Q: 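Here you go, one structure.
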Amino acid sequence: MGHYILNILFTVLLVNCCFGRRIGTRNLCRKGVEGCTNNFPTIDHNSILENSLINFQQNITLRPRILGGRNAKLGESPWLVNLEYRTPKNKLSLLCAGSVINHRYILTAAHCIRGEIEKFGQLISIRTGEYDLQSEIDCDEKICLDPFQRFNIAEYKIHPEFYTDKDKRNYNDLAVIKVDRDIMYSNSISAVAMPTINFPHLSPGTLLTVSGWGAGYWKGDWNALIPVKQVVHVPYVTNEKCVLANSVHHLCAGEYMKDSCYGDSGGPLIRSLNNTQYVVGIVSYGTTCGSEKPAVYTRVSSFIEWIRENSEI
């Protein structure tokens, strides 16, 4: 029942194999990226595919990538980050997402650090400021984005009451990651705002935004991983009408064919209010991508005090 560690690796394979952007020692770092080194594992596409098929047979689950969205504008969702993992065979994989919440901390899902994901690799670094996974420099007719930045992990803290039940539902599914140096804000990187304890309640149908590198139609393939950052607007659904929610700390959003999908566990669900973008949810679990059952997110407003106490906000 969750949102699924297995297909995540398959979609990572698609973007690296089929879209031409290799993640290996030759091009892990772009020229001039501060603090970036090439002392990272290489990637073996065949072994990733082999592991993905084995994991599919074992029905191991993680969380999805964006479905039914559009290409993001350059600089849109600048808080979104990729989490990078060293696999048991010393390869590098992108398995989860997160949000920049200040100059040193990333907010993500606990299940992106502890649990089934540990079978696939160890979290070793954070990549900020990505847009197009195929291109070295991202430009349109007006601007070019600053290069991505990579950071090592200084430490992380998982919510002490995090757990996953027998039905693959996640509870208290959040964590904060401290990076090894300050994140430099740019035209491609900035922090998302945190809601307050007295944040206005959501009304049914309120449109929220989730972003990532999504499954969708690309070059004739309906199940391809789109290399350009995707954005989709999803309606808020009350817990009473969300069959997958099982706690007041869960938040539901989504509708048929508009959903987060394989690979973006830990990414943010955003509410726009008074021209400010707030992270109100963290991608946690669900069923089949784009089904009529809304996906479940960690309700950030339930954990404001814990986040603040553990991230120097």
Side-chain angles (χ1 to χ4, degrees), residues 1-3 63-70 72 76-80 97-101 107-111 159 161-162 169-176 190-212 214 230-261 264-287 289-308 311 313:
M1 156 130 215
H3 270 238
R63 190 35 178 157
R65 290 188 179 272
I66 304 307
L67 181 69
R70 60 166 173 81
E76 190 171 5
S77 301
W79 40 80
L80 187 67
S99 309
V100 176
I101 56 174
L107 179 66
T108 188
H111 79 260
H159 193 279
E161 297 180 9
F162 164 68
R169 291 185 174 96
N170 298 318
Y171 297 84
N172 310 305
D173 187 13
L174 73 160
V176 291
S190 66
V192 68
M194 296 291 298
T196 61
I197 294 176
N198 297 319
F199 199 65
H201 292 294
L202 288 164
S203 300
T206 299
L207 287 181
L208 307 173
T209 304
V210 62
S211 54
Q230 298 291 289
V231 172
V232 65
H233 302 297
V234 292
Y236 167 67
V237 178
T238 63
N239 284 22
E240 291 75 18
K241 294 187 177 181
C242 180
V243 297
L244 299 180
N246 204 31
S247 166
V248 295
H249 305 313
H250 288 153
L251 184 156
C252 294
E255 62 184 353
Y256 180 65
M257 296 306 291
K258 287 185 182 257
D259 196 4
S260 48
C261 190
D264 281 318
S265 282
L269 181 68
I270 301 296
R271 181 183 185 182
S272 180
L273 190 65
N274 300 325
N275 295 318
T276 300
Q277 311 305 308
Y278 295 90
V279 54
V280 296
I282 302 168
V283 179
S284 186
Y285 68 91
T287 56
C289 299
S291 75
E292 295 180 355
K293 296 178 181 179
V296 179
Y297 299 76
T298 301
R299 190 182 296 269
V300 171
S301 60
S302 296
F303 302 97
I304 293 299
E305 290 186 7
W306 184 87
I307 294 170
R308 292 187 183 281
S311 60
I313 293 180

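The structure displayed is predicted, hence computed values, not measured ones.
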Q: In Å and rounded to the nearest 0.5 Å, what is the CZ to CE distance from Phe199 to Met194?
A: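 Here the rounded value is 10.5 Å.
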Q: For residues 236-248, run the donor-acceptor check on the side chains, cut-off 3.5 Å, and write out each pair with its distance to 0.1 Å, sequence neighbours left out.
A:
from: Asn239; atom 1: OD1; to: Arg299; atom 2: NH2; distance (Å): 3.3
from: Asn239; atom 1: ND2; to: Ser247; atom 2: O; distance (Å): 2.9
from: Asn239; atom 1: ND2; to: His250; atom 2: O; distance (Å): 3.2
from: Asn246; atom 1: ND2; to: Tyr171; atom 2: OH; distance (Å): 2.7
from: Ser247; atom 1: OG; to: His249; atom 2: N; distance (Å): 3.0

Q: To the nearest 0.5 angstrom, please state how far the CG atom of Leu208 sits from the CG atom of Leu269.
A: 4.5 Å
Q: Taking Ala110's backbone N and O only, do any of them form a donor-acceptor pair with Asp173's side chain (distance below 3.5 Å, no angle check)?
A: yes
Q: Are any of the side-chain heavy atoms of Trp306 and Val176 separated by less than 4.5 Å?
A: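 The answer is yes; the side chains approach within 4.5 Å.
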Q: Spell out, as yes or no, whether a donor-acceptor pair under 3.5 Å connects the side chain of Ser272 to the backbone of Gln277.
A: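 Side chain of Ser272 to backbone of Gln277: no pair is present.
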Q: Considering all heavy atoms of both residues, which atom of Thr276 and which atom of Ala193 are nearest to each other, and what is their separation?
A: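 Closest approach of Thr276 to Ala193, heavy atoms only: CG2-CB, 3.7 Å.
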Q: Quick check for you: to the nearest 0.5 Å, what is the distance between His233 atom NE2 and Thr209 atom OG1?
A: 4.5 Å
Q: Any heavy-atom pair between the side chains of Val192 and Ile270 that's under 4.5 Å?
A: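 Counting from C-beta outward, Ile270 and Val192 do come under 4.5 Å.
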Q: Quick one: does any side-chain atom of Asn172 pair with a main-chain N or O of His159 as donor and acceptor, under 3.5 Å?
A: no
Q: I'd like to know if the side chain of Thr206 reaches the main chain of Pro235, judged simply by a donor and an acceptor atom lying under 3.5 Å from each other, with no hydrogens or angles considered.
A: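 Not confirmed, Thr206 side chain does not pair with Pro235 backbone.
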Q: With a 4.5 Å limit on heavy-atom distance, are the side chains of Leu174 and Thr108 in contact?
A: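 No; the side chains remain at least 4.5 Å from each other.
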Q: Please round to the nearest 0.5 Å and tell me the distance separating atom CG of Leu251 and atom CD1 of Ile282.
A: 10.5 Å
Q: Over all heavy atoms of both residues, which pair between Leu80 and Pro268 is shortest? Give the atoms and the distance, please.
A: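 Closest heavy-atom pair between Leu80 and Pro268: CD1-CD, 3.5 Å.
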Q: Taking all atoms of both residues into account, what is the closest heavy-atom pair of Pro294 and Cys252, and its distance?
A: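 Shortest heavy-atom contact: CB-CB, 4.1 Å.
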Q: Would you say that Val296 contacts Arg169 through its side chain, given a criterion of any heavy-atom pair below 4.5 Å between the two side chains?
A: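 No. Closest side-chain heavy atoms not under 4.5 Å.
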Q: Is there a side-chain contact between Trp79 and Val279 in this structure, where contact means two heavy atoms from C-beta onward sitting under 4.5 Å apart?
A: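 No - every pair of side-chain heavy atoms lies 4.5 Å or more apart.
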Q: Heavy atoms, side chains only, cut-off 4.5 Å: are Val231 and Ser77 in contact?
A: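 SC-SC contact between Val231 and Ser77 confirmed.
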Q: Go through the side-chain N and O atoms of His111 and Ser284 and say whether any donor and acceptor fall under 3.5 Å apart.
A: no
Q: What is the minimum heavy-atom distance between Val300 and Gly281, and which atoms define it?
A: CG2-N, 3.7 Å
